Number of protein chains: 2
Amino acid sequence: MPDNPQSEQPRRRQARGERRVAQLLEAAANVFCTTGYTAASTNAIAREAGVSPGTLYQFFPNKEAIAVELSSKLMHEMRESHGETLALVDPAASVADVIDTTIDRLIDFTCRRPEFFALVHGPDIPGRIAEEHDALHLSMVQRVEELVAAFLPGAPRADVERVAQVCLGVYKSGLELVLAREGAERDAYVREIKDVLIRYLEPLVEQHGSGTPAPATH
Amino acid sequence: MPDNPQSEQPRRRQARGERRVAQLLEAAANVFCTTGYTAASTNAIAREAGVSPGTLYQFFPNKEAIAVELSSKLMHEMRESHGETLALVDPAASVADVIDTTIDRLIDFTCRRPEFFALVHGPDIPGRIAEEHDALHLSMVQRVEELVAAFLPGAPRADVERVAQVCLGVYKSGLELVLAREGAERDAYVREIKDVLIRYLEPLVEQHGSGTPAPATH
DNA sequence: GACAAACACGAGCGGTCGCTCGCATTCTAA
DNA sequence: TTAGAATGCGAGCGACCGCTCGTGTTTGTC
């Protein structure tokens with residue numbers, strides 16, 4: 001065991017260096033956004049940031065590290081924002097109200113951080129990022145599961161998980177439609193995907209409120 | 001398909017050549033599927049097909065042409081299958097019945113052709129394919145719009161389009177969830193996404209007047 | 001069998017990529 | 001002031017990419 005596991009040498013970084021890193025990450029966000037991970041060249045990222053390739057490699061060991069740092073930053077931000085959004089749901093509110101406020105908050109965040117959506121949806125991203133994203137997705141599923149479980153007390157775990165997955169899937173596909181629109185049209189689409197979710201969930205809740213067990217599907 | 005309508009030089013092709021083309025397209029489907037378009041190397045495709053790079057270029061002018069031919073073949077197949085599925089919908093049936101049979105057919109097809117889904121969803125595909133796919137998507141939207149319009153007679157065009165887009169979006173996200181499952185779990189997810197669509201559409205239909213949609217005109 | 005066309009090969013060309021390295025410049029601490 | 005660390009540069013290395021080309025083999029036709 002020659003060296004400690006994660007923490008490296010105390011590589012002191014000057015203010016200039018911090019600025020460069022931020023600059024490079026922003027440039028990387030742009031380039032990854034427009035060309036995808038594989039097609040983005042490190043030289044292009046350096047050029048976009050207005051520095052030389054050598055400078056880029058002063059701060060990142062390799063191309064993957066750039067994407068990993070960028071995405072983990074975005075995911076951390078998203079985990080905080082979305083986690084908070086899903087956590088402060090009023091459990092006594094109606095399904096319609098919960099959906100309404102929650103969807104508004106989630107969409108608001110994503111509209112303000114379009115890089116995230118663009119970066120994470122490529123099929124050519126390195127494994128590290130895919131894993132992180134899977135973990136993020138999983139944690140969101142779990143939070144939604146908690147919400148669903150609160151609305152469907154006593155429902156089988158498999159049912160709760162399925163409902164949560166479907167809700168997230170509907171939300172994601174709606175997000176894509178919403179992001180492709182603007183103004184009034186965008187609002188109409190937001191309204192529409194809320195309706196989809198509300199109409200999907202309300203019958204489930206009603207069925208469960210009367211003490212009737214699992215939905216009579218299959 | 002013995003000849004091309006707007007063909008070029010009369011490049012006669014022997015049976016061996018036809019076999020090679022099919023072999024190469026299949027290999028390309030595999031490689032594109034697993035690595036995406038950009039990361040897939042023509043050498044790898046040739047190797048997968050068991051031929052030399054030179055042989056590959058005997059039959060395709062460049063890498064893009066391979067992807068274009070492969071995808072246009074898949075899209076043609078899909079257009080036929082899905083077009084037929086959406087065309088032979090019984091306009092007198094209930095929303096629930098229409099959704100039930102239609103979703104079953106669409107999902108059946110996609111389960112049998114997983115390459116398509118994998119190939120077309122990359123962000124790094126060449127422009128030609130993206131255009132073709134957009135055209136395919138558009139034609140599907142239009143068919144769904146026709147269906148929706150039949151169920152919502154007199155609804156504004158913008159509303160009909162939005163409903164159609166949302167339906168397709170929900171279907172696609174459901175497809176992703178379904179393809180990631182197997183057996184009984186898959187069936188449960190299929191049932192679930194049908195429910196989402198039915199519960200979304202039924203109130204719209206009822207709201208628009210008579211429960212019986214556009215009767216067979218005259 | 002003779003001949004041309006189609007088919008097959010694989011070394012290698014020109015190019016881009018991720019990344020390195022030697023060296024110049026700027027900052028910080030003593 | 002000055003040593004040395006941090007920052008910055010950019011030509012260029014090695015690897016791999018899409019693709020070519022000279023050459024040899026198979027196939028169809030006479």
Side-chain angles (χ1 to χ4, degrees), chain A residues 8-28 31-32 34-70 122 124-129, chain B residues 1-4 7-28 30-32 34-70 122 124-129:
Chain A
E8 294 150 3
Q9 281 291 53
R11 166 102 174 180
R12 287 183 34 229
R13 185 158 284 167
Q14 308 180 344
R16 206 174 36 173
E18 302 284 359
R19 255 182 285 127
R20 277 276 175 266
V21 170
Q23 210 174 108
L24 283 164
L25 284 179
E26 193 185 326
V31 177
F32 285 146
T34 57
T35 68
Y37 175 75
T38 311
S41 81
T42 54
N43 289 3
I45 294 174
R47 205 181 313 121
E48 171 89 12
V51 304
S52 81
T55 298
L56 186 152
Y57 282 92
Q58 194 82 24
F59 301 100
F60 298 96
N62 52 46
K63 181 181 175 180
E64 178 173 341
I66 307 172
V68 166
E69 184 143 342
L70 178 62
D124 55 352
I125 53 178
R128 280 281 311 275
I129 294 186
Chain B
M1 41 196 165
D3 257 347
N4 254 344
S7 72
E8 300 126 10
Q9 314 104 307
R11 166 99 175 181
R12 285 180 356 204
R13 185 158 283 167
Q14 307 179 345
R16 205 175 18 155
E18 301 284 358
R19 255 181 286 125
R20 276 275 176 268
V21 170
Q23 210 173 110
L24 284 164
L25 284 180
E26 194 185 325
N30 288 338
V31 177
F32 284 146
T34 57
T35 68
Y37 174 77
T38 312
S41 81
T42 55
N43 290 2
I45 295 173
R47 205 182 313 121
E48 170 91 12
V51 303
S52 81
T55 298
L56 186 154
Y57 282 93
Q58 195 85 23
F59 301 101
F60 297 96
N62 53 47
K63 180 181 176 179
E64 180 174 339
I66 306 173
V68 166
E69 184 142 341
L70 178 62
D124 56 350
I125 52 178
R128 279 281 311 275
I129 294 186

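It should be emphasised that the depicted structure is a prediction, and the values quoted were computed from it without experimental measurement. Reminder, nothing fancy here: chain letters follow the sequence lines and each chain counts from 1.
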Which heavy-atom pair separates [X] from [Y] by the least distance, and what is that distance?
X: Y57(B); Y: N62(B); answer: CE2-CA, 3.8 Å
X: I45(B); Y: A27(B); answer: O-CB, 3.7 Å
X: I66(A); Y: A28(A); answer: CG2-CB, 3.6 Å
X: V51(B); Y: L56(B); answer: CG2-N, 4.5 Å

*asked:* If you only use heavy atoms from C-beta on, which nucleotide in dG8(D), dT20(C), dC9(C) is closest to the side chain of P53(A)?
replied: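 Side chain of P53(A) sits closest to dT20(C).
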*Does CD belonging to E26(B) count more than 12 external heavy atoms closer than 6.0 Å?*
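Open: at most 12 neighbouring heavy atoms sit under 6.0 Å from CD of E26(B).
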*Greater than 12 external heavy atoms within 6.0 Å of R13(B)'s CZ*: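 Yes, enclosed.
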*N or O in side chain of R20(B) less than 4.0 angstrom from dC7(C) OP1/OP2*: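 Negative; the distance criterion is not met.
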*Using only side-chain N and O atoms of T55(B), determine if any of them is under 4.0 Å from OP1 or OP2 of dC9(C).*
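Answer is yes, contact under 4.0 Å.
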Using 0.5 Å steps for rounding, measure from the [atom1] atom of [X] to the [atom2] atom of [Y].
X: L24(A); Y: E69(A); atom1: CG; atom2: CD; answer: 10.5 Å
X: F32(A); Y: I125(A); atom1: CZ; atom2: CD1; answer: 11.0 Å
X: E48(A); Y: N43(A); atom1: CD; atom2: CG; answer: 13.5 Å
X: F60(A); Y: L70(A); atom1: CZ; atom2: CG; answer: 8.5 Å
X: L25(B); Y: F59(B); atom1: CG; atom2: CZ; answer: 11.0 Å

_DNA chain C contacts made by residues 37-50 of chain A, counting heavy atoms under 4.0 Å_ =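 Within this stretch, A40(A), S41(A), T42(A), N43(A) sit under 4.0 Å of the strand.
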[atom1] of [X] versus [atom2] of [N]: gap in Å, rounded?
X: Y57(A); N: dG18(C); atom1: OH; atom2: P; answer: 6 Å
X: L56(B); N: dT20(D); atom1: CG; atom2: C1'; answer: 13 Å
X: E18(A); N: dT7(D); atom1: CD; atom2: P; answer: 8 Å
X: R13(B); N: dA8(C); atom1: CZ; atom2: C1'; answer: 14 Å

*asked:* For nucleotides 22-30 of chain D, give me one character per nucleotide, 5' to 3': B if any protein heavy atom sits under 4.0 Å from the base, S if the only such contacts are to the sugar-phosphate, - if neither.
replied: ----BS---
*Where along residues 58-69 of chain B does a heavy atom come under 4.0 Å from DNA chain D, residue by residue in number order?*
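DNA chain D contact set from residues 58-69 of chain B: N62(B), K63(B).
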*At under 4.0 Å between heavy atoms, what does G17(B) touch on the DNA or RNA strands: base, sugar-phosphate, or nothing?*
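The answer is sugar-phosphate, as G17(B) gets under 4.0 Å only of primed atoms, P, OP1 or OP2.
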